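Since the structure comes first, as structure tokens, the remarks are kept for the end.
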Protein chains: 2
Amino acid sequence: MNKKKAQSEETKARIIEAANNVFSQRGYHAASIEDIANATGVSKANIYYHFKSKEGLFLTLLDQYEAEWKALWAEQLKRYASTTELLNGMIDVGLKRGFHHPLTRAAREFLEEAWGKSVEGCRQIAIKINENRAFYQSLIQQGIDSGEFKSVNTSDLGRILEAMFRGLGESSRDLSLEEAIRLYRVALDALLYGIVARD
Amino acid sequence: MNKKKAQSEETKARIIEAANNVFSQRGYHAASIEDIANATGVSKANIYYHFKSKEGLFLTLLDQYEAEWKALWAEQLKRYASTTELLNGMIDVGLKRGFHHPLTRAAREFLEEAWGKSVEGCRQIAIKINENRAFYQSLIQQGIDSGEFKSVNTSDLGRILEAMFRGLGESSRDLSLEEAIRLYRVALDALLYGIVARD
DNA sequence: ACGTAAACTGAACGGTCAGTCAGTATTTTA
DNA sequence: TAAAATACTGACTGACCGTTCAGTTTACGT
């Protein structure tokens, strides 16, 4: 139980890598299993040997991405003293590392396609959305606790922060990395300090 | 040339109405011409008598929606003295009138599907995106001119405002109208006055 | 009244794509 | 080394969907 299993796991890893690229570029629906098979260099049927379905493959990708994302954040959280700095750092790291979640588009598409069809798919995505919201919410809470932010409603503000970043992610698709980072920074600055003129 | 033409135009209008519902609920891809035909109560082929293609039908819908939106705004612009009030009013009117652009999801999906396939489709969507950006930008400029806002970069802030509203539109899909309006107001308040605590 | 054009339909076509299956090659186990 | 398990493939299926087309009904002009 050695050479064969190693081969198998390497193939699986190659499929995952190719699938990541194809889903990121084409989105969930437009990415066909055949595309992924060709990109990997294996047969279509082989993908169904390693993964239960297109949905199963995609959810595996999301799980993996989320795990990497969490690990990255656990590391970043130690590096910054204030929440403001942390948020600015988040922009840098988040954008440089794959332009703010390359699978986001595919994930949203997947969710919309799964709505009503795949109960399991919806459930899994719902879990991820909640975790993401809780993360943003905890960031805001941290800022309040440290006295940096006003005592705003963390649930609202978490949602708003998430919404703004998500919207920016889409809006900045035609921008270079540097321009995108600048835009995100300006946005964060506006949200932090407001745009209303003070006397 | 009377009864027949009237019938025809009524049918066309009914197709448009049904298509609006179906595209809004299902998104661009998942909405099949057959769905729309059934919802209208006509044959699939009849839709191709009145419209060139699925893309053509959808672009007609977008044009119509945009025209209504513009007319509504032209009216609203007169009703408010300050830009801050105007933005708050925008939330109310925009959300009450169909929860912030029901076709937005389908439009994004359409754009992603059209990328590389339909040059004409991309062109038309690009025009609409630019018009939308220019609109937000002019709102910000107006606020600066009246002395309400700091002299921020209008191009950036327009994009940011648009991104935030778009993100909120998605994020608030599981909220009631009242909750959504409240969330939007909190978001606008945060952007206007900031969330950083002042001494 | 009659020919013609507009409005409309049922059935089919062509293409795509997720998923299956019967079979082959390779490695492991006994 | 024989049998069994694993990794993998090519060809196929069934379903869906945008689009077309030959043909039918209906109103209009003359």
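Each chain gets a letter, A, B and so on, in the order its sequence line appears, and its residues count up from 1. Just so it is clear, the structure is predicted and the values come from calculations on it, not from any experiment.
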Could you grab the distance from atom [atom1] of [X] to atom [atom2] of [Y], nearest 0.5 Å is fine?
X	Y	atom1	atom2	result
B:Ser138	B:Arg133	OG	CZ	14.5 Å
B:Leu77	B:Gln142	CG	CD	6.5 Å
A:Ile140	A:Asn153	CD1	CG	10.0 Å

Gap between atoms [atom1] and [atom2], on [X] and [N] respectively (whole Å):
X	N	atom1	atom2	answer
B:Ile47	D:dG18	CD1	P	10 Å
A:Glu9	D:dA7	CD	C1'	13 Å
A:Phe23	C:dA18	CZ	P	8 Å
B:Asp35	D:dG18	CG	P	8 Å
B:Glu10	C:dA6	CD	C1'	16 Å
B:Ile36	D:dT19	CD1	C1'	14 Å
B:Ile15	C:dC8	CD1	C1'	10 Å
A:Glu55	C:dG19	CD	P	8 Å

message = Tell me whether the side-chain N/O atoms of B:Thr11 come closer than 4.0 Å to OP1 or OP2 in C:dA7.
response =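 For C:dA7, neither OP1 nor OP2 has a side-chain N or O of B:Thr11 closer than 4.0 Å.
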request  = Using only side-chain N and O atoms of B:Gln7, determine if any of them is under 4.0 Å from OP1 or OP2 of C:dC8.
outcome  =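 For C:dC8, OP1/OP2 do have a side-chain N/O of B:Gln7 under 4.0 Å.
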Among [options], which nucleotide has an atom closest to any side-chain atom of [X]?
X	options	result
A:Tyr48	C:dG19, C:dC8, D:dG18	C:dG19
A:Lys4	C:dA18, C:dT26, C:dA6	C:dT26
A:Val42	D:dT9, D:dC8, C:dC17	D:dT9
A:Ser53	C:dG19, D:dT19, D:dC8	C:dG19
A:Tyr49	C:dC17, D:dT19, D:dC8	D:dC8
A:Ser32	C:dT28, C:dA18, D:dG18	C:dA18

Lys/Arg-Asp/Glu bridge criterion (N-O < 4.0 Å) met for A:Glu170, A:Arg166 =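 Salt bridge: no.
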task = Grab the two heavy atoms, one from B:Ile144 and one from B:Val152, that are nearest each other, plus how far apart they are.
result =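 The pair with the smallest heavy-atom distance is CD1-O, 3.5 Å.
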Give every pair of a protein N or O atom and an N or O atom of nucleotides 10-16 of chain C that lie under 3.5 Å apart, one pair per line with the distance.
none

inquiry  = Here's one to test your reading of the geometry: is the NZ or CZ of B:Lys12 within 45 degrees of the ring axis of B:Tyr49 and under 6.0 Å from its centre?
reply    =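 No cation-pi geometry.
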key: A:Phe165 and A:Tyr184 aromatic ring geometry - parallel, tilted or perpendicular at 30°/60° bounds   =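 It falls in the parallel class, under 30°.
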